Trainee: 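Starting off with a structure, shown below.
Reminder, nothing fancy here: chain letters follow the sequence lines and each chain counts from 1. Because the structure is a prediction, the values reported are computed rather than measured.
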Amino acid sequence: MASEVQEEMSVTATHDSVLLTLDFSPLHMTDEEFYEFCQRNQDFRFEMDKEGNLIVTPPTFLETSRKNTRINVRLGAWAEQDNTGVAFESDGMFTLPNGAKRVPDAFWILKGRYDALSKEEREERFARIGSRLRYRVALKVGQSTQTTEQNARIHRKRRAARVAD
Amino acid sequence: MHEYIENGVRLGWLIDPYEKRVHIYRADESVEVLENPQKISGEAVLSGFELDLTEIW
């Protein structure tokens with residue numbers, strides 16, 4: 001006897017990129033496994049939302065990368081001279097208090113907050129930026145979602161076979 | 001971006017180089033949209049930091 005399982009995948013198209021949201025929750029990956037997965041697929045950028053959906057972004061176009069670098073260079077130079085905080089660039093993945101794993105294009109936190117993390121915490125696969133940290137700036141470069149985004153939802157029905165015993 | 005704010009970020013910038021627009025997300029949950037700004041300030045959060053956006057547009 002077969003039952004139908006509804007799969008939903010979300011595809012968001014913008015000017016020059018396609019963003020995929022996939023329901024990854026059935027996979028129950030540990031942080032280590034997810035890190036391994038990201039390492040093996042380095043051409044893509046991944047994030048995970050708090051529900052366990054995997055968000056996949058293709059590699060950035062050259063122009064976007066150039067702009068990103070500009071911002072990171074400026075932020076980094078200021079951070080060094082200002083010396084009150086620590087800047088992170090666009091491949092740092094952070095675990096937010098709500099469990100989501102995010103990759104901001106640029107990030108800066110107060111030095112005291114960063115120093116408060118233990119060595120282990122800092123070297124964790126996806127540093128846990130917890131509630132006792134107050135991080136300062138998250139930066140995203142890219143298409144604003146309000147005006148020009150097109151959304152497509154793809155529904156697929158899949159038959160799941162159940163073996164009668 | 002709202003998620004960042006809900007999770008403790010004090011200041012967030014969403015920079016749209018296509019529309020030349022910056023969305024400023026603040027800790028009080030407000031969002032300010034700037035059209036074609038020349039620069040944005042780090043305000044009290046990144047005191048003394050100014051991002052020159054003409055390099056980005």
Side-chain angles (χ1 to χ4, degrees), chain A residues 14-17 47 49-50 60-61 63-64 66-79 81-85 87 94-102 104-110 113 128-149, chain B:
Chain A
T14 62
H15 272 322
D16 66 354
S17 73
E47 286 185 326
D49 71 18
K50 63 181 188 210
T60 51
F61 281 69
E63 212 21 39
T64 310
R66 178 187 73 81
K67 292 173 182 185
N68 231 357
T69 302
R70 268 236 129 88
I71 294 171
N72 276 298
V73 163
R74 296 283 175 243
L75 183 66
W78 170 83
Q81 166 251 311
D82 171 79
N83 212 28
T84 66
F94 299 97
T95 305
L96 300 180
N98 71 354
K101 292 176 169 27
R102 296 292 181 190
D105 294 302
F107 203 75
W108 182 92
I109 59 173
L110 273 180
R113 307 295 182 180
R128 233 155 249 284
I129 308 290
S131 53
R132 54 170 208 266
L133 287 184
R134 286 253 158 250
Y135 31 95
R136 291 304 180 95
V137 170
L139 219 143
K140 290 237 71 127
V141 179
Q143 194 80 39
S144 77
T145 58
Q146 279 93 319
T147 50
T148 53
E149 182 187 284
Chain B
M1 294 300 295
H2 283 293
E3 186 187 50
Y4 281 120
I5 298 293
E6 283 159 19
N7 282 268
V9 171
R10 299 268 305 275
L11 178 66
W13 291 328
L14 177 63
I15 299 173
D16 186 341
Y18 298 103
E19 304 292 325
K20 293 192 171 58
R21 202 175 276 153
V22 176
H23 304 247
I24 304 173
Y25 292 77
R26 297 195 176 87
D28 64 0
E29 314 233 321
S30 66
V31 184
E32 184 184 354
V33 182
L34 301 178
E35 301 282 344
N36 199 15
Q38 305 301 91
K39 58 185 187 223
I40 39 176
S41 146
E43 303 176 16
V45 181
L46 299 177
S47 172
F49 179 61
E50 256 185 11
L51 183 64
D52 181 356
L53 289 163
T54 60
E55 295 180 333
I56 310 297
W57 306 144

Trainee: Out of curiosity, A/Phe107 CZ to B/Tyr4 OH, how far, rounded to the nearest 0.5 Å?
Mentor: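 If I round to the nearest 0.5 Å, the distance is 7.0 Å.
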Trainee: What is the distance from atom CG of B/Leu51 to atom CZ of A/Arg70, rounded to the nearest 0.5 Å?
Mentor: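 Interatomic distance, B/Leu51 CG to A/Arg70 CZ, rounded to 0.5 Å: 10.5 Å.
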Trainee: Quick one: pull up CG in B/Leu46 and CH2 in A/Trp78 and give me the separation to the nearest 0.5 Å.
Mentor: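 It comes to 4.5 Å.
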Trainee: With sequence neighbours excluded, what pairs up with B/Ser30 under the side chain to side chain donor-acceptor pair (under 3.5 Å) test?
Mentor: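 With neighbours one apart ignored, the set is B/Asp28.
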Trainee: Is a donor from one side chain sitting under 3.5 angstrom from an acceptor on the other, for B/Glu3 and A/Asn98?
Mentor: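 Their side chains do contain a donor-acceptor pair, which is all the 3.5 Å distance test asks for.
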Trainee: Not counting sequence neighbours, which residues clear side chain to side chain donor-acceptor pair (under 3.5 Å) with B/Arg26? List them please.
Mentor: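 Partners of B/Arg26 by the side chain to side chain donor-acceptor pair (under 3.5 Å) criterion, ordered by chain and then number, come out as B/Glu32, B/Glu43.
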Trainee: Rounded to the nearest 0.5 Å, how far apart are CE of B/Met1 and CZ of A/Arg102?
Mentor: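 One finds 11.0 Å between CE of B/Met1 and CZ of A/Arg102.
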Trainee: Does the side chain of B/Ile15 reach to within under 4.5 Å of the side chain of A/Ile71, using non-hydrogen atoms?
Mentor: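 B/Ile15 vs A/Ile71: side chains touch.
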Trainee: Does some side-chain heavy atom of B/Phe49 sit less than 4.5 Å from a side-chain heavy atom of A/Asp82?
Mentor: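 They are not in side-chain contact.
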